Amino acid sequence: MPPGNDVGMIPEAATLPVAKVPGPGPARPTHVRYIVLGLTIAAYMITYIDRVVISSAVPSIQKEFGFSIVTMGWILSSFQWAYAIFQIPGGWLGDRIGPRRALTLIVTWWSLFTCATVLAWSAASMALIRFLFGMGEAGAFPIATRSLSRWMLPTERGLAQGATHAGSRLGGALTPALVVLIIAHYGWRTAFVCCGSLGLIWAAVWYWYYRNTPDEHKSVNSGEREQIRSALELARGSKSTQSVPWKRILRSRQMWILSAMYFCYAYNLSVYLVWFPKYLNDHRGFNLQRMGFYASLLLLAGTVGDIFGGCVSDFWAKKSHDLRKARRLVGAAGFLVSALAMVPACLTKDSMTCVWLSCVAIFALESTVGVSWAITLDIGGDSAGSVCSVMNTCGNLGGAIGSALSAYLVVMYGWSAPFLLMAGLSVVGTVLYLRINANQRLLTV
């Protein structure tokens with residue numbers, strides 16, 4: 001008998017099942033994209049800290065320089081004009097050189113000019129500094145939106161945009177109370193230097209940590225990389241820059257409906273940001289400390305609205321699989337509720353009733369903004385920076401007009417006039433939102 005065939009021995013050729021050693025499973029995805037989102041939220045916070053600081057300092061600046069309300073209106077609107085004019089160049093810059101370098105550059109720029117506000121010696125010099133400051137901030141939201149386009153999943157876009165804009169409003173909400181405190185102890189110039197310094201620190205951290213795509217980031221593992229790639233349908237190794245299809249963007253009817261809607265939104269928001277502290281101080285009789293507190297309360301309500309609108313829209317989209325309705329109806333409802341709250345807020349004789357109704361109005365208005373910016377990602381894809389820059393250009397033309405026009409309306413018709421006009425624009429925004437289709441990508445139709 002051949003060796004190995006003894007009784008009780010297992011033949012060499014016997015076919016028995018072979019136990020397989022389990023191989024390594026798919027890597028559990030990391031969550032680097034949420035750190036990227038957190039840094040982007042911080043950038044949004046700083047944009048509003050730096051732009052709102054002057055609104056709280058208006059009474060002190062007017063007292064020192066003797067500026068009239070109309071002169072102050074033109075100084076404040078100089079930021080908005082630059083912000084509007086340089087939206088498209090800013091979005092183009094982000095699409096061309098990538099958000100890592102672009103955001104580092106522009107945040108450093110506007111932070112330096114925030115600090116430089118203390119050097120102003122006249123209305124013209126202050127307006128020029130604010131214009132240069134606006135040039136830098138103009139690219140912030142388009143480039144920041146572009147920075148998330150290759151990181152966030154489509155089902156996270158409403159939440160991400162709501163969170164980033166909530167961060168901006170939170171920064172704006174904290175600023176009035178803090179700035180009033182700084183002004184009371186150290187003067188208005190110290191407030192500008194403190195706020196400008198935050199942006200310089202952020203720019204250094206952003207350049208060190210952020211990368212234009214998940215493939216370029218060493219901390220992203222294969223699980224998260226594949227999760228993002230499959231969701232966004234991006235080819236590995238695709239370039240972070242591309243030729244921007246401006247003709248197709250600018251010829252899109254939907255692009256202009258979206259932009260007109262955002263004109264209405266940004267006009268209204270600008271009046272709240274620029275003039276509400278002065279309104280409380282001048283018309284409602286609040287002292288400097290109460291002015292700071294209730295101006296902060298208003299923007300806190302807006303912060304909640306940002307998160308609420310984005311979350312509701314994303315939840316609706318996941319449950320119904322109807323992105324068009326999920327974006328459209330949330331935005332339209334926000335504008336309508338805002339209009340209904342603005343009218344009694346400005347007409348009531350009770351100051352606290354005015355404050356609470358204004359909080360409702362800004363909450364509802366802000367519930368639209370995360371949805372609006374999510375739509376730019378939905379329809380813009382890799383050209384989201386350029387798409388949202390067009391939308392934001394039209395929006396900030398509205399903001400620039402609102403900042404200056406409101407001063408004239410106050411002088412000619414009183415403080416109720418600007419808010420009644422804003423209510424009318426909110427109704428127009430409602431109608432426009434009902435015509436937006438987030439399923440219709442601009443670059444494939």
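In what follows, every heavy atom counts, from backbone to side chain, and hydrogens, waters and symmetry copies are set aside. Everything quoted here is computed from the prediction, not taken from an experiment.
Residue Ile129 holds its CD1 atom at 10.5 Å from CD1 of Ile75, rounded to the nearest 0.5 Å. With rounding to the nearest 0.5 angstrom, the CE atom of Met391 is 4.5 Å from the OH atom of Tyr262. Going from atom CD1 of Ile257 over to atom CG of Asn437 covers 10.0 Å, rounded to the nearest 0.5 Å. Taken to the nearest 0.5 Å, the CZ atom of Arg51 stands 10.5 Å off from the OG1 atom of Thr114. Atom CG of residue Leu269 and atom OH of residue Tyr267 lie 12.5 Å apart, to the nearest 0.5 angstrom.
Asn396 contributes no side-chain N or O that, together with a main-chain N or O of Gly399, makes up a donor-acceptor pair within less than 3.5 Å. Under the 3.5 Å distance criterion, the side-chain polar atoms of Trp109 are matched with a main-chain donor or acceptor of Leu132. For Thr104 (side chain) and Arg100 (main-chain N/O), a donor-acceptor pair under 3.5 Å exists by modelled atom type. Between the Ser338 side chain and the Phe335 main chain, no donor and acceptor come within less than 3.5 Å of each other.
Proximity of Phe276 to Val271: side-chain heavy atoms (C-beta onward) are nowhere separated by under 4.5 Å. At least one side-chain heavy atom of Trp415 sits under 4.5 Å from a side-chain heavy atom of Trp275. The shortest distance between side-chain heavy atoms of Lys278 and His283 does not fall below 4.5 Å. Glu64 is listed as a side-chain neighbour of Arg189, based on a closest heavy-atom distance under 4.5 Å. Within the 4.5 Å cutoff, the side chain of Arg435 has no heavy atoms near those of the Gln254 side chain. A 4.5 Å side-chain heavy-atom check between Ser426 and Leu336 finds every atom pair outside the cut-off. No side-chain heavy atom of Ile49 sits under 4.5 Å from any side-chain heavy atom of Val179. Residues Ser147 and Trp206 form a side-chain contact, since some pair of their non-hydrogen atoms from C-beta on lies under 4.5 Å apart.
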- Message: Assess the residue pair Leu397 and Trp81 against the criterion (side-chain contact (heavy atoms from CB on, under 4.5 Å)); give the C-alpha distance rounded to whole Å, side-chain angles, the decisive distance to 0.1 Å, and a yes or no.
- Response: CA-CA 7 Å; Leu397 287 173; Trp81 286 112; 3.8 Å; yes
- Might you work through the side-chain contact (heavy atoms from CB on, under 4.5 Å) test for Tyr209 and Val32, ending with a clear yes or no? CA-CA 10 Å; Tyr209 187 81; Val32 174; 3.4 Å; yes
- Task: Using the side-chain contact (heavy atoms from CB on, under 4.5 Å) rule, take Tyr265 and Glu366 through it: C-alpha gap first, then chi angles, then the decisive distance, then the call.
- Result: CA-CA 9 Å; Tyr265 162 80; Glu366 285 299 294; 2.7 Å; yes
- Test side-chain contact (heavy atoms from CB on, under 4.5 Å) on Ile436 and Arg327 and set out the steps. CA-CA 8 Å; Ile436 295 171; Arg327 303 294 193 224; over 6 Å; no
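The closest side-chain donor-acceptor pair between Tyr279 and Arg284 falls under 3.5 angstrom. Between the side chains of Ser125 and Ser122, at least one donor N or O sits under 3.5 Å from an acceptor N or O.
Using bins of under 30°, 30° to 60° and over 60° for the plane-to-plane angle, the ring pair Phe131/Phe86 lands in the perpendicular bin. Between Tyr294 and Phe286, the angle of the ring planes lies from 30° to 60°, which puts this pair in the tilted group.
A salt bridge is absent between Glu137 and Arg130: the closest approach of a Lys/Arg side-chain nitrogen to an acidic carboxylate oxygen does not fall below 4.0 angstrom.
Close placement of the Phe79 and Phe133 rings is indicated, their centers lying within 6.0 Å of each other.
The only member of Tyr207, Tyr210, Trp202 that meets side chain to side chain contact (heavy atoms under 4.5 Å, CB included) when paired with Leu103 is Trp202.
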